[in-house]
Structure formats: structure tokens, C-alpha cells
Amino acid sequence: MDIKKNDIIKLKITSMTSQGSGVGKIEGGIVVFVPMSAIGDELSVRILKVKKTYAYGKIEEVLNPSESRIEVDCPNFGKCGGCVYRHISYNSEKEIKYQRVRDATERIGGFKDIKINPVVENDRVNRYRNKAQLPAQNTENGVEFGFYANHSHRIIPCNDCLLQPKDFKKVMDITKDFMQKTSQSAYDERTGRGKLRHLYIRYAEMTDELMVCYVVNGNGLKQEDVLIKELNDNIPNLKSVVFNSNRENTNVVLGLKNRTAYGRDYIEDILCGKRFKLSPLSFYQVNRAQAEKLYEIAKKYADLKGNEVLLDLYCGTGTIGLSMADCCKKLIGVEIIEDAVNDAVKNAEKNNINNARFICGDASYASQKLRQEGVKPDVIIVDPPRKGLDGELIKTISKMSPERVVYVSCDAETLARDLKLFSEKNYSVKEITPVDLFSRTSHVENVCLLTKNS
Ligand code: SAH
């Protein structure tokens with residue numbers, strides 16, 4: 001069947017891409033991707049773009065809806081680039097996420113019949129996030145905050161995202177009002193003018209502490225004292241207001257320089273019974289409650305008996321390693337962001353942990369150095385960003401020859417690629433547990449146990 005732009009075709013959706021787009025096939029084997037569709041949908045689809053073996057389309061009409069469909073409860077669904085699964089039941093979402101991990105390990109990793117446990121459920125599929133980074137833009141109605149539309153720099157205004165705590169809206173409203181009253185504008189990336197770039201909010205759920213960070217093109221805003229008073233009068237749990245300077249013409253949200261304008265330069269949260277200090281630049285899991293479950297599984301996989309040397313690579317503020325430091329002889333954490341390493345050191349002190357040491361540096365380079373120094377970890381935990389591990393690091397890890405490697409990953413595809421490399425060395429994949437940290441979005445976290453071949 002030949003298709004061209006603007007054709008209307010009938011399509012049955014049979015699977016999902018890793019980004020959460022529905023997939024259907026038409027005669028001749030051409031695959032059509034349709035966002036916001038559900039497996040089982042029978043659709044009338046308008047073709048938007050045609051390539052050799054695939055095409056993109058959008059729903060014209062749902063002829064026969066999938067059984068997994070539910071009513072969409074957010075006006076920005078499909079526009080904001082955040083959620084991709086608000087239109088299907090949570091059970092279906094979990095099935096899709098499970099299948100994504102299965103597909104990645106088979107297709108990219110080449111693993112058949114690998115043990116993948118059911119997806120660990122999120123008890124709260126809404127309002128689970130403890131962090132928001134909201135770009136600011138100038139509109140007819142003054143400064144608005146929102147989200148970037150999919151693959152774009154257009155901002156979709158959003159006053160209340162269902163994934164965020166309710167209080168974040170208060171911060172947005174106060175800030176918008178302040179910007180209006182003091183006639184200040186948002187940064188415009190085309191002209192390089194205007195001050196406010198992003199509003200960055202962080203919430204520590206267990207201590208109820210809130211941090212507001214303004215990312216500015218410059219040093220600060222005019223009449224900051226007015227803004228701080230307004231925030232303080234309305235948000236009783238406000239613990240910190242920080243101005244972050246970012247003068248670069250870049251997509252990177254945060255600059256490196258912070259100035260504390262009110263309260264502390266950090267907030268604290270409790271995770272796995274330990275207290276953690278969180279500075280603006282330090283990484284912290286966005287879903288605290290699910291992160292606890294994730295770390296519990298990581299701890300089970302690490303299977304520490306008390307005498308081990310544990311290496312925690314990509315350790316952030318030390319959370320994973322410190323949550324199990326009581327169970328090993330020595331903990332070494334490695335992290336590239338200096339503020340996070342400083343937090344990790346303080347976090348060890350704060351929790352009376354005396355067997356931990358933290359190194360600031362690249363995981364790959366630091367591991368090579370540790371190996372040269374003769375450090376022999378019994379267990380290595382890795383928790384890299386989405387791009388996964390580099391091949392050199394996998395080589396170094398296998399030379400360090402730990403009994404177990406616990407791989408925490410936020411990207412099933414790079415995980416699968418790396419597991420293949422490990423299995424070409426002397427390691428076997430024992431099992432993977434997907435944990436739903438990012439409900440309603442396409443992302444899925446995984447924790448995987450690898451053991452050394454005897
Ligand atoms: N394990 C931590 C952090 C995981 S996020 C937790 O669960 O909270 C990944 C971390 O890797 C981030 O803190 C990031 O700053 C750090 N990172 C990124 N690239 C790195 C590299 N090349 N070497 C070491 N750390 C790196």
C-alpha cells in the first residue's frame with residue numbers, strides 16, 4: 001500500500017515504542033507511529049510524514065478504543081513532552097514498561113529468557129516528583145512557566161503539573177506576580193535579553209523542606225527582598241532561596257555559581273532512614289518513595305555480609321552507598337559534580353558513617369586509579385546517567401573482578417548494550433527488576449544483578 005502525506009488510513013495499534021508512541025503496520029510492512037494511541041486501538045489516522053519503511057501519523061478518530069484506555073485528566077497531555085501514558089490504565093503502562101525492558105535486553109543485549117521481575121509499582125502515580133525545572137517565558141499575560149513542547153523550545157504554559165506537589169504552583173504564582181509588579185522579564189534565548197531563565201523548585205518530602213532556586217542571566221533580580229518576603233509570607237516550609245547564575249547561551253539549565261539569598265544553601269531529606277543534604281546542583285532521585293524501593297533491591301543484590309569493600313560509582317550525594325554502608329567494611333563513592341561530593345562527605349558525617357570515602361572525578365578515570373592503587377572492591381554499584389557506561393569502565397570493572405556488580409539504570413536501551421559488554425567479559429546477568437520511578441512518562445528505571453563467573 002502506497003501512502004503519502006495527508007492520507008487518511010485505518011490502523012490497528014499493536015505495540016509501543018520506547019518513547020511511548022503507538023505502532024501499527026500497514027500492508028507492505030510499513031510501520032506507522034501514532035502518539036497518544038493505545039495498544040488495541042482501531043484508528044483513523046492522518047499521515048503526517050512518510051519515510052522509506054515507516055511513517056508518522058496522528059489520530060483523526062478513534063474508531064474502536066483499546067480496553068486499556070482511560071479518561072485523560074490533564075489539559076496539557078500530548079503537548080508538554082512530559083507524560084505519554086495518561087490515556088491508559090496503570091496496569092497497561094506497567095506492561096508496556098516491562099515489555100520495553102524485555103525488548104531491549106533481547107534486541108540490543110541479545111539475551112534470551114533472562115529473568116526480569118515484574119515492574120515494582122508506584123503507589124502514587126501523580127504528584128510523586130520532588131523537583132521541577134520550569135523554563136520562564138514572556139507572554140501577553142506576563143511571565144509564564146511551563147514545559148518545553150516535544151523536541152522543541154516552544155514553552156507550553158502549565159500552572160499545575162499533576163506530577164508535581166501542589167505547593168509548586170504557589171511558588172509559580174508568587175513569582176509571576178512579582179515579575180509583573182516589578183516589570184521584569186524572562187530571558188529570551190533569541191535576543192539574549194531578560195533575566196529569569198528557569199524556576200527550579202525542590203521539595204524534601206520527609207522533612208517538609210522547600211528550596212526555591214531562580215536561574216538568572218546575571219547575578220540576581222531587582223527587588224529580591226520583596227520576592228523573598230512574598231515567598232516567606234505564603235510558604236511556611238520555605239527553607240532556602242538560591243540564585244543561580246547562568247549567562248551562557250546553552251540548553252543546560254543550571255550555571256555553576258549559586259548565591260543564597262534566604263535561609264540555608266541546601267535542604268535535607270530522609271531516605272532509607274538516613275538524612276541527606278541536597279544542594280541545588282546535586283542529583284537526588286525525583287521520586288523519593290520509589291527510590292527507597294529501588295535502593296532496597298540494590299541492597300539485596302549487593303548481598304553484603306559486613307567484610308566487603310563497596311565501590312559506588314556515579315554516587316551523587318552518596319545515597320545508595322550510604323544506605324548500605326552499615327553492612328560493609330569500607331565504602332568508596334565516585335562522583336563528578338563537586339557540590340554533590342561535598343554533600344556526600346557531609347551526609348556520611350551526618351549519619352555517623354565512618355567507613356566511607358568519596359572521590360570527585362570521572363567514574364572511568366577514578367576506577368582506573370583505584371585499581372592502580374590496589375583497591376579490590378567486592379561489590380561495585382554503578383548508577384550512570386542515561387548514556388550508560390563507557391566501554392573502558394566496563395573493562396576496568398571486570399579487571400577489578402568484584403563478585404557482584406549492581407547496575408542501576410534509567411535507560412533500558414543503554415543498560416542492555418552494557419550488559420552485553422559485561423557478558424562478553426566474565427560476568428553473567430542474574431536478574432533485572434524494573435522499578436516505576438517515573439509513572440505516566442516513558443521512562444523506566446532498572447536495577448540489575450551481575451555476578452562473576454566462577
Ligand atoms: N547514585 C546517585 C546518583 C545517580 S545520577 C543517586 O541514586 O542519587 C548519576 C550521577 O552521576 C549524577 O550525580 C551525575 O552528576 C554523575 N555523573 C555523571 N557523569 C559522571 C562521570 N563521568 N563520572 C562520575 N559521575 C558522573
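Order of appearance sets the numbers: ligands from 1, and atoms from 1 within every ligand. When reading the values below, keep in mind they use all heavy atoms of this one structure, side chains included, and skip hydrogens, waters and symmetry mates.
- Side chain of Tyr284 to main chain of Asp269: no donor-acceptor pair is present (N/O by atom type, distance under 3.5 Å, no hydrogens or angles).
- Taking 4.0 Å as the cut-off between side-chain N and carboxylate O, Asp343 and Lys277 count as a salt-bridged pair.
- Ligand 1 places these atoms under 4.0 Å from at least one heavy atom of Ile337: 15 (O).
- Contacts between Ile336 and ligand 1 below 4.0 angstrom, taking non-hydrogen atoms only, involve backbone and side chain alike.
- Distance from atom 18 (C) of ligand 1 to its nearest protein heavy atom, with residue and atom name: Pro385 CG, 3.6 Å.
- Taking 4.0 Å as the cut-off between side-chain N and carboxylate O, Asp225 and Lys229 do not count as a salt-bridged pair.
- In terms of polar-atom proximity, Asp312 is not counted as a contact of ligand 1, lacking any N or O under 3.5 Å from an N or O of the ligand.
- Geometrically, ligand 1 and Tyr284 share no nitrogen or oxygen pair separated by less than 3.5 Å.
- Of the charged side-chain nitrogens involved, at least one lies within less than 4.0 Å of a carboxylate oxygen, so that Glu431 and Lys115 count as a salt-bridged pair.
- Of the protein's non-hydrogen atoms, Asp362 OD1, 2.7 Å is the one closest to atom 22 (N) of ligand 1.
- A salt bridge links Glu413 to Arg100: at least one charged side-chain nitrogen sits closer than 4.0 Å to a carboxylate oxygen.
- Close contacts of ligand 1 with Gly316, meaning ligand atoms under 4.0 Å from a residue heavy atom, involve 2 (C), 3 (C), 13 (O).
- Using a 30° and 60° split on the angle between ring planes, His87 and Tyr85 fall in the parallel class, below 30°.
- Contact between Ser282 and ligand 1 is absent, with no heavy atom of the residue lying under 4.0 Å from the ligand.
- With a 4.0 Å cut-off on non-hydrogen atoms, Tyr295 touches ligand 1 through its side chain and not its backbone.
- For Cys315, every heavy-atom contact with ligand 1 shorter than 4.0 Å involves the backbone, none the side chain.
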- Item | Verdict with supporting geometry, Leu162 and Arg127, side chain to side chain contact (heavy atoms under 4.5 Å, CB included) | CA-CA 6 Å; Leu162 291 174; Arg127 308 230 180 256; 3.8 Å; yes

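- Distances below 4.0 Å separate heavy atoms of Ala363 from the following atoms of ligand 1: 21 (C), 23 (N), 24 (C).
- Note that Arg86 lies outside the cation-pi zone of Phe77, set by a 6.0 Å cut-off to the ring centre and a 45° limit from the axis.
- Within the 4.0 Å heavy-atom criterion, the part of Thr319 lying near ligand 1 is the side chain and not the backbone.
- For ligand 1, the atoms closer than 4.0 angstrom to any heavy atom of Gly361 are 23 (N), 24 (C).
- Taking atom 13 (O) of ligand 1 as the reference point, the nearest protein heavy-atom neighbour is Glu335 OE1, 2.7 Å.
- For atom 9 (C) of ligand 1, the closest non-hydrogen atom of the protein is Asp383 O, 3.3 Å.
- A distance-only check finds a donor-acceptor pair linking the side chain of Asn355 to the backbone of Cys328 [under 3.5 Å].
- Both the sub-6.0 Å distance and the 45° axial angle are not jointly satisfied by Arg124 relative to the ring of Tyr128.
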